[in-house]
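Step one of this worksheet: look at the structure below.
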2 protein chains.
Amino acid sequence: MDLPASAFPSPVHDHQDCVRAALDAAEAKCEQRGARLTSLRRRVLELVWTSHEPVGAYALLDTLKSEGQAAAPPTVYRALDFLIEQGLVHRLERLNAFVGCPRPEASHSAQFLICTACGRAAELDDPAIGQAVRQGAEARGFSVGRQTIEVEGLCADCQGTLQKK
Amino acid sequence: MDLPASAFPSPVHDHQDCVRAALDAAEAKCEQRGARLTSLRRRVLELVWTSHEPVGAYALLDTLKSEGQAAAPPTVYRALDFLIEQGLVHRLERLNAFVGCPRPEASHSAQFLICTACGRAAELDDPAIGQAVRQGAEARGFSVGRQTIEVEGLCADCQGTLQKK
DNA sequence: GGGGCGATGTTATGTTGTAACAACCGTACT
DNA sequence: AGTACGGTTGTTACAACATAACATCGCCCC
Ligand SMILES: [Zn+2]
Ligand SMILES: [Zn+2]
Ligand SMILES: [Zn+2]
Ligand SMILES: [Zn+2]
């Protein structure tokens, strides 16, 4: 049996690949769905992918403004709404922040691991978890819709770092 | 084998019992922990228990003010912080709202069912869910801390109501 | 060219949460 | 009694997050 890889990317991975892959996948998915990935929306998606740390709407806004883009809160929130609608971005409720979806192809009820040390968030797409939730809820007569699952803790890299101290 | 009861109280239950039980349990737990359940904190807890619908901090604030209590946002947030600290109240991240804990005796990583029809939230304390999350996360090298699990859907009562239409 | 429509710009405002400091209040020690 | 202390509450100001409402733009179609 294989150990699942860490949900977090290596600290030294080629992040430009992440960004390229995300933008390519976004283009493809929008094309397929007949949605318009305008240059503003594309740019916001790219900014969300600046790192694997969830980013707040106003941080995106500041960046856009610093680039000379005319921007106000609705500018950013509308772009984010679109990206979330298309499944390209997820919102982290605990953080009021947004993170790019690494697997926008497949629709999923995302679960997130949030490292309190490095601030990164990783998506955990574990059917067993969704299943356990569904089972527990339905056993009590509750009809399950959207699930919000966000787990704080320490990623493998940060555990190592802290141990060495 | 028994079917677990619905996590939601019956629409016709004696809610005053809920409130009394919650306040009694709070007194006991604070006593035991050496924490001071002041009259303000007690009143805020009682207000949180006004119904099984999560309530926003500013709604609590308005009520306090309408009762002649000197109150500003910190008044409410400090009381809520205390109550959460003592495990008497939980915060629902998706709603930015607060709900009383029905079982403050036992510490637990709470999971919530939120009915989008009636607005009520119920606590689901299913060890299998926490276990599944822990397992999925740890298999990927993530050390689990606090879990946030909030499930939107329809409670049994509201499913019935909607079907009859 | 004009009408329709989705995207974006703009202004204003609503909602949620916190920082910082002052005042108060019980308790314990003198 | 006086007084020093720590925890609670009052008060003011502000920060952070989000949306309503309406104007404008640009494109496609007729
Ligand atoms: Zn990356
Ligand atoms: Zn980390
Ligand atoms: Zn009740
Ligand atoms: Zn319901």
Side-chain angles (χ1 to χ4, degrees), chain A residues 26-27 30-31 33-48 53-86 88-99 119 121 148 150, chain B residues 26-27 30-31 33-48 53-86 88-99 119 121 148 150:
Chain A
E27 297 279 9
C30 287
E31 171 93 9
R33 299 181 53 160
R36 295 175 50 190
L37 186 63
T38 63
S39 72
L40 175 62
R41 290 165 172 172
R42 189 187 154 93
R43 179 63 183 139
V44 170
L45 178 59
E46 194 176 6
L47 290 177
V48 167
E53 274 183 68
V55 57
Y58 279 69
L60 296 170
L61 178 57
D62 289 344
T63 306
L64 285 179
K65 285 200 281 200
S66 80
E67 293 174 345
Q69 166 72 239
T75 310
V76 165
Y77 281 103
R78 286 194 288 229
L80 287 170
D81 286 347
F82 170 86
L83 295 169
I84 290 169
E85 186 90 14
Q86 303 306 316
L88 303 171
V89 161
H90 298 291
R91 175 188 169 86
L92 293 173
E93 301 292 343
R94 280 193 63 77
L95 305 179
N96 295 330
F98 303 86
V99 70
T148 299
E150 300 176 8
Chain B
E27 297 279 9
C30 287
E31 172 93 12
R33 300 182 51 162
R36 296 174 49 189
L37 186 61
T38 63
S39 73
L40 175 62
R41 290 165 173 173
R42 190 187 154 93
R43 180 62 185 140
V44 169
L45 178 59
E46 195 177 6
L47 290 176
V48 167
E53 274 182 67
V55 57
Y58 279 73
L60 296 171
L61 177 57
D62 288 345
T63 306
L64 285 180
K65 285 199 280 199
S66 80
E67 293 174 347
Q69 165 74 238
T75 311
V76 165
Y77 280 103
R78 286 193 287 229
L80 288 171
D81 285 348
F82 171 86
L83 295 169
I84 290 169
E85 186 91 12
Q86 303 304 319
L88 303 171
V89 161
H90 298 290
R91 175 189 168 86
L92 293 173
E93 302 292 342
R94 280 194 63 76
L95 306 178
N96 295 332
F98 303 85
V99 70
T148 299
E150 302 176 7

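Throughout, a chain's letter reflects where its sequence line sits, starting with A, and its residues are numbered from 1.
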Any A:Leu88 side-chain heavy atom under 4.5 Å of A:Val48 side chain: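 Heavy-atom side-chain distance check fails, nothing below 4.5 Å.
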Minimum side-chain heavy-atom gap A:Gln86-A:Arg41 below 4.5 Å: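 The answer is no; the side chains never approach within 4.5 Å.
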Could you check how far [atom1] of [X] sits from [atom2] of [N], rounded to whole Å?
X	N	atom1	atom2	answer
B:Leu37	D:dG7	CG	C1'	15 Å
B:Leu61	D:dT12	CG	C1'	14 Å
B:Arg36	C:dC25	CZ	P	12 Å
A:Asp62	D:dA15	CG	C1'	13 Å
A:Leu40	C:dG9	CG	C1'	11 Å
B:Lys65	D:dT9	NZ	C1'	16 Å
B:Gln69	D:dG10	CD	C1'	10 Å

Short side-chain N/O contact from B:Thr38 to OP1 or OP2 of D:dT9, under 4.0 Å: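 Yes, B:Thr38 has a side-chain N/O under 4.0 Å of OP1/OP2 on D:dT9.
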Minimum-distance nucleotide to A:Thr75 side chain [options: D:dG10, C:dA7, C:dG9]: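 Of D:dG10, C:dA7, C:dG9, C:dG9 is nearest to the side chain of A:Thr75.
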Main-chain N/O of B:Arg94 paired to B:Glu150 side chain as donor or acceptor, under 3.5 Å: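 Yes.
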Which atom of A:Pro54 lies closest to which atom of A:Val99, heavy atoms considered: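 So the two residues come closest at CA-CB, 4.4 Å.
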If you restrict it to nitrogen or oxygen atoms, what contacts under 3.5 Å exist between nucleotides 16-18 of chain C and the protein, and what is each distance?
residue: C:dG17; atom: OP1; partner: B:Arg91; partner atom: NH1; Å: 2.7
residue: C:dG17; atom: OP1; partner: B:Arg91; partner atom: NH2; Å: 2.3
residue: C:dG17; atom: OP2; partner: B:Tyr77; partner atom: OH; Å: 2.8
residue: C:dG17; atom: O5'; partner: B:Tyr77; partner atom: OH; Å: 3.3
residue: C:dG17; atom: N7; partner: B:Tyr58; partner atom: OH; Å: 2.4
residue: C:dG17; atom: O6; partner: B:Tyr58; partner atom: OH; Å: 3.2

Spacing of CZ belonging to B:Phe98 relative to CG belonging to B:Leu45, to within rounding of 0.5 Å: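 Output value for this atom pair is 13.0 Å.
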Inter-residue atom distance B:Thr148.OG1 - B:Arg91.CZ, 0.5 Å rounding: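 Those atoms lie 10.0 Å apart.
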Sugar-phosphate only, base, or nothing, as touched by A:Arg78 at under 4.0 Å among non-hydrogen atoms: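 Base contact - A:Arg78 has a heavy atom under 4.0 Å of at least one base atom.
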